[in-house]
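Everything on this sheet refers to the single structure shown next.
All values reported here derive from a predicted model rather than from experimental measurement.
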Amino acid sequence: MQQSIDEIRQQFLQALALIKTTSDLEAVKVKFLGKKGPLQQLMKGLKDVAPEDRPAVGKHINDLKELMTTECDQLEAKLIAQEESQQLAHETLDITLPGRKRFIGRKHPLTQAMDQIIAILVGMGFSVQYGPDIDSDYYNFEVLNFPLEHPARDMQDTFYISPHILLRTHTSNIQARVMEANEPPIRIIAPGKVYRNETITARSHVFFHQIEAVYIDKHVAFSDLMAAMDEFLKKLFKQDIATRYRPSYFPFVEPGMEVDISCLVCKGAGCHICKYSGWVEVAGAGMIHPQVLRNGGIDPESYSGFAWGMGLERLVMMLKGIQDIRLFTENDLRFLEQFTAI
């Protein structure tokens, strides 16, 4: 066994002396230190050595392995240094060439717009509250005074996960939670994604973003709602913008209205975004229904309030003259790179 160890050591040193590159070294390491190499064969042969000689023979084998490993590591460091030096000797660098431009990352245009809108409304005295994207039928519909037969509860409009669990169809699902946990005055906004089972077109999508605003206090009037809405739109668009308020029905407000703004894409002339009417609906709003206040634990005889829900995508489409809502979700860099700021 000792003779075999000496022969393998001699063969290894001879092979090591012929190495010129790191590739040669890797081949030698595989040959002598690999699973099928002579060193492994020596270890397997220990079982045939007399028990009293095994400790000594095993030490010689381990010494040989340590020698091989050390020699290989030292030679590898030397070869790598040589190869790097040779590579650098042949490389040239033209310091007159212009530097490589680093492209700065930016937020998605919807995120930029959401941040801006939140900042405006916080500046108007609202605080920010967030609700779950997956919610119960109770908080999404029942507590908001939706009757059982209301079409919005139907599978045609709502994505149901189970009979009583769904993807929220509006950020109004935060209203009752805030009322249950807080005493008036309440002045909050609830931004986030909402989901509706609709046909995807240039004007609508199956998921989009909303900003819910709620204000509850004593003596809150319809005039407060209109004043807050006009002030918000003026701050957002940085100009006096034509608005139109139309009576409408929503189960959770009474009276209710829809808010239109003059289409900024076509300047009111008519286009497919505004359905050639010159106006674009941006919000549903109204005075909070007394039953909704009761469901949230607030006495409607003592308090009143208003609420509105706005679609973020349509606001950004108006701000930037975008004519297709689908562009926001297609992740086309040619589109996204245009928005350094909203």
Sub-4.5 Å side-chain heavy-atom contact between Arg314 and Glu281: yes
Mutual orientation of the aromatic rings belonging to Trp308 and Phe306 [parallel < 30°, tilted 30-60°, perpendicular > 60°]: parallel
SB check Asp157 Arg196 (cutoff 4.0 Å): no
Heavy-atom closest contact (Glu212 atom, Ala307 atom, distance): OE2-CB, 4.0 Å
Under 3.5 Å donor-acceptor, Gln210 side chain and Thr171 backbone: yes
Contact check, side chains of Leu167 and Ile161, non-hydrogen atoms, under 4.5 Å: yes
Residue pair Val143 / Asn295: nearest heavy atoms and the distance that separates them: O-ND2, 3.0 Å
Between CG on residue Asp217 and OG on residue Ser302, distance to nearest 0.5 Å: 11.5 Å
Single-linkage hydrophobic cluster, 4.5 Å side-chain cutoff, Leu236 and Leu110 together: yes
Tyr139 six-ring face occupied by Arg177 cation (under 6.0 Å, within 45°): yes
Joint hydrophobic cluster, Ile19 plus Val30, side-chain heavy atoms closer than 4.5 Å: no
Check against side chain to side chain contact (heavy atoms under 4.5 Å, CB included), Lys78 and Gln74: CA-CA 6 Å; Lys78 181 179 178 181; Gln74 292 177 352; over 6 Å; no
Within one Ile-Leu-Val-Met-Phe-Trp-Tyr cluster: Tyr276 and Val280, side-chain cutoff 4.5 Å: no
Expected output: side-chain Asn197 to main-chain Phe159 donor-acceptor under 3.5 Å: no
Within-4.5 Å side-chain heavy-atom neighbours: Leu33 and Phe12: no
Side-chain touch Ile186/Tyr303, heavy atoms, less than 4.5 angstrom: no
same_hphob_cluster(Ile117, Phe126) at 4.5 Å side-chain heavy-atom cutoff: yes
Atom pair NZ (Lys193) and CG (Leu312), whose distance is rounded to the nearest 0.5 Å: 11.5 Å
Backbone of Trp279 reached by a side-chain donor or acceptor of Ser277 within 3.5 Å: yes
Side chain to side chain, Lys107 and Asp115, heavy atoms closer than 4.5 Å: yes
Residue pair Pro38 / Ile8: nearest heavy atoms and the distance that separates them: CB-CD1, 3.6 Å
Pairwise side-chain contact, Ile298 with Val292, heavy-atom cut-off 4.5 Å (strictly under): no
Nearest non-hydrogen partners of Glu301 and Asp299, listed with the distance: N-OD1, 3.0 Å
Ionic contact status for Asp260 with Arg246, cut-off 4.0 Å: yes
Ring geometry between His170 and Phe146 (parallel below 30°, tilted from 30 to 60°, perpendicular above 60°): tilted
Side chain to side chain contact (heavy atoms under 4.5 Å, CB included) between Ile188 and Asn182, intermediate numbers included: CA-CA 11 Å; Ile188 63 102; Asn182 300 274; over 6 Å; no
Atom pair CG/CD1 of Leu75 and Ile80 - distance to nearest 0.5 Å: 10.0 Å
Backbone N/O of Lys20 and side chain of Asp24: donor-acceptor pair under 3.5 Å: yes
Exceeds 12 heavy-atom contacts within 6.0 angstrom, atom NZ of Lys29: yes
Worked check of side chain to side chain contact (heavy atoms under 4.5 Å, CB included) between Tyr245 and Leu225: CA-CA 11 Å; Tyr245 299 98; Leu225 166 59; over 6 Å; no
Geometric class of the His108/Phe328 ring pair [parallel <30°, tilted 30-60°, perpendicular >60°]: tilted
Atom pair CZ/OG of Arg168 and Ser136 - distance to nearest 0.5 Å: 12.5 Å
Lys59/Asp63 ion pair, N-O < 4.0 Å: yes
Where Met229 and Ala285 come nearest, the two heavy atoms and their spacing: CE-CB, 4.4 Å
Val253 side chain reached by Met287 side chain, heavy atoms, under 4.5 Å: no
hydrophobic_cluster_shared for Met317 and Ile261, side chain cutoff 4.5 Å: yes
Point-to-point distance, once rounded to the nearest 0.5 Å, from CD1 of Ile241 to CG of Leu233: 6.5 Å
N/O donor-acceptor pair under 3.5 Å between Asp137 side chain and Leu166 backbone: no
Closest non-hydrogen atom pair, Ser204 against Glu198: CB-OE1, 3.7 Å
Non-hydrogen side-chain atoms of Glu66 and Asn62 separated by less than 4.5 Å: no
Approximate separation, where rounding is to 0.5 Å, of Asp324 CG and Thr201 OG1: 8.0 Å
Derivation of the side chain to side chain contact (heavy atoms under 4.5 Å, CB included) call for His150 and Phe141: CA-CA 9 Å; His150 195 281; Phe141 290 130; over 6 Å; no
